[in-house]
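Remarks on the structure that follows.
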Amino acid sequence: MTGSDSGFIELDGVEKVFEVRRKTGFLKRERRQVRAVDSISFRVESGEMVGYIGPNGAGKSTTIKTLTGILTPSAGRVRVAGIDPSRDRVRLAHRIGVVFGQRTTLWWDLPLIDSYRLMHRMYRIPDARYRENLDRLVGLLGLAD
Ligand SMILES: Nc1ncnc2c1ncn2[C@@H]1O[C@H](COP(=O)(O)OP(=O)(O)OP(=O)(O)O)[C@@H](O)[C@H]1O
Ligand SMILES: [Mg+2]
């Protein structure tokens, strides 16, 4: 993990401005800026559980996408697990999990076990731990058949 003086998630003055082009007539385009995230700063320590709430369009998804490295902030500083998400997205992906609403982390056209095997490798879960979790869930949910 990161040092004890830094949080697991750190945002400092983070902004995200989208440039939007809208057709306003034949060959006419209007350029507009949408300030989706406006100078956000907070930190979340390892093991802390937090909720990030706000009305529709407040910038929640944009913030999460910035934390995962899908989007690059227009300004400010982001660190997750000591990593700059937009610069090192792939390395960060090994350390985090993200579920967006109405989407599943399982591949719909694959047998369930294939998704689990992929996660096992992707997150480098120790074999014994993987087995133990799998057995527990298979038993609990009656999935063996
Ligand atoms: N790719 C984009 N291009 C232009 N504008 C965008 C883009 N993504 C988001 N926005 C705008 O940025 C603002 C914040 O959107 P965002 O999706 O982050 O809000 P949210 O808090 O997740 O909302 P909801 O509760 O509806 O999911 C909104 O005004 C949205 O229209
Ligand atoms: Mg959203």
Side-chain angles (χ1 to χ4, degrees), residues 1-126 129-130 132-143:
M1 298 271 157
T2 54
S4 55
D5 56 333
S6 53
F8 189 76
I9 296 173
E10 294 182 321
L11 289 88
D12 193 7
V14 171
E15 296 180 14
K16 182 65 189 180
V17 178
F18 290 107
E19 186 93 11
V20 216
R21 287 214 190 99
R22 203 164 58 96
K23 207 170 169 172
T24 51
F26 185 67
L27 293 179
K28 271 206 345 218
R29 293 250 190 313
E30 185 191 77
R31 272 167 150 233
R32 207 164 48 89
Q33 288 196 329
V34 177
R35 184 167 289 270
V37 174
D38 191 6
S39 200
I40 300 268
S41 303
F42 65 82
R43 55 190 276 160
V44 181
E45 309 296 335
S46 232
E48 229 183 335
M49 234 185 260
V50 301
Y52 189 50
I53 61 173
N56 298 136
K60 304 179 295 293
S61 295
T62 303
T63 307
I64 302 298
K65 285 173 187 170
T66 305
L67 289 176
T68 58
I70 295 169
L71 291 175
T72 309
S74 311
R77 184 179 180 275
V78 183
R79 288 292 180 279
V80 178
I83 295 170
D84 180 344
S86 62
R87 291 193 59 177
D88 227 343
R89 190 178 62 79
V90 173
R91 190 158 68 93
L92 180 62
H94 289 285
R95 303 285 311 274
I96 61 170
V98 180
V99 181
F100 273 91
Q102 286 105 40
R103 290 193 202 164
T104 170
T105 55
L106 305 173
W107 282 262
W108 75 275
D109 50 354
L110 290 183
L112 182 61
I113 191 67
D114 287 351
S115 291
Y116 284 148
R117 282 186 184 133
L118 183 62
M119 297 290 191
H120 175 201
R121 294 278 167 247
M122 201 162 95
Y123 288 103
R124 298 195 176 104
I125 297 163
R129 172 94 183 277
Y130 170 76
E132 197 182 299
N133 286 346
L134 191 66
D135 289 348
R136 187 161 51 85
L137 287 171
V138 166
L140 201 65
L141 303 172
L143 295 175

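All residue numbers refer to positions in the sequence shown, counting from 1. As a basis for the values below, the full set of heavy atoms in this structure was taken, side chains included, without hydrogen atoms, waters or symmetry mates. Note that this is a predicted model, so its numbers are computed, not measured. Counting convention: from 1, in listed order, for ligands and their atoms alike.
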Name the closest protein heavy atom to [atom], giving the residue it belongs to and the distance to 0.1 Å.
atom                    : answer
atom 26 (O) of ligand 1 : N56 ND2, 3.3 Å
atom 12 (O) of ligand 1 : A36 CB, 3.2 Å
atom 18 (O) of ligand 1 : T62 OG1, 2.5 Å
atom 27 (O) of ligand 1 : S61 OG, 3.9 Å
atom 11 (C) of ligand 1 : V34 CG1, 3.8 Å
atom 1 (N) of ligand 1  : F18 CE2, 3.5 Å

Flag yes if more than 12 heavy atoms outside L141 fall under 6.0 Å of its CG atom; otherwise flag no.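 Buried by this count: over 12 neighbours within 6.0 Å.
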Would one find an N or O of [X], backbone or side chain, under 3.5 Å from an N or O of ligand 1?
X   : answer
G59 : yes
G57 : yes
A58 : yes

Report yes if the side chains of L67 and I96 come closer than 4.5 Å at any heavy-atom pair, otherwise no.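 No, side chains not in contact.
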Can you find a pair of side-chain heavy atoms, one from V17 and one from E19, that are under 4.5 Å apart?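 The answer is no; the side chains never approach within 4.5 Å.
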Mind checking the [atom1]-[atom2] spacing from [X] to [Y]? Nearest 0.5 Å is all I need.
X    : Y    : atom1 : atom2 : answer
L143 : I113 : CG    : CD1   : 9.5 Å
D88  : R79  : CG    : CZ    : 10.0 Å
T62  : D38  : OG1   : CG    : 12.5 Å

SB check E45 R43 (cutoff 4.0 Å): yes
Relative to the ring of Y52, is the ring of F42 parallel (under 30°), tilted (30 to 60°) or perpendicular (over 60°)? tilted
Please state whether the separation between the Mg ion (ligand 2) and some N/O/S atom of N56 is under 2.8 Å?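 No, N56 does not qualify, because none of its backbone or side-chain N, O or S atoms lies under 2.8 Å.
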Check whether any protein heavy atom sits under 4.0 Å from atom 24 (P) of ligand 1.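 Under the 4.0 Å cut-off, atom 24 (P) of ligand 1 does have protein heavy-atom neighbours.
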Does the protein place a non-hydrogen atom closer than 4.0 angstrom to atom 30 (C) of ligand 1?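 No.
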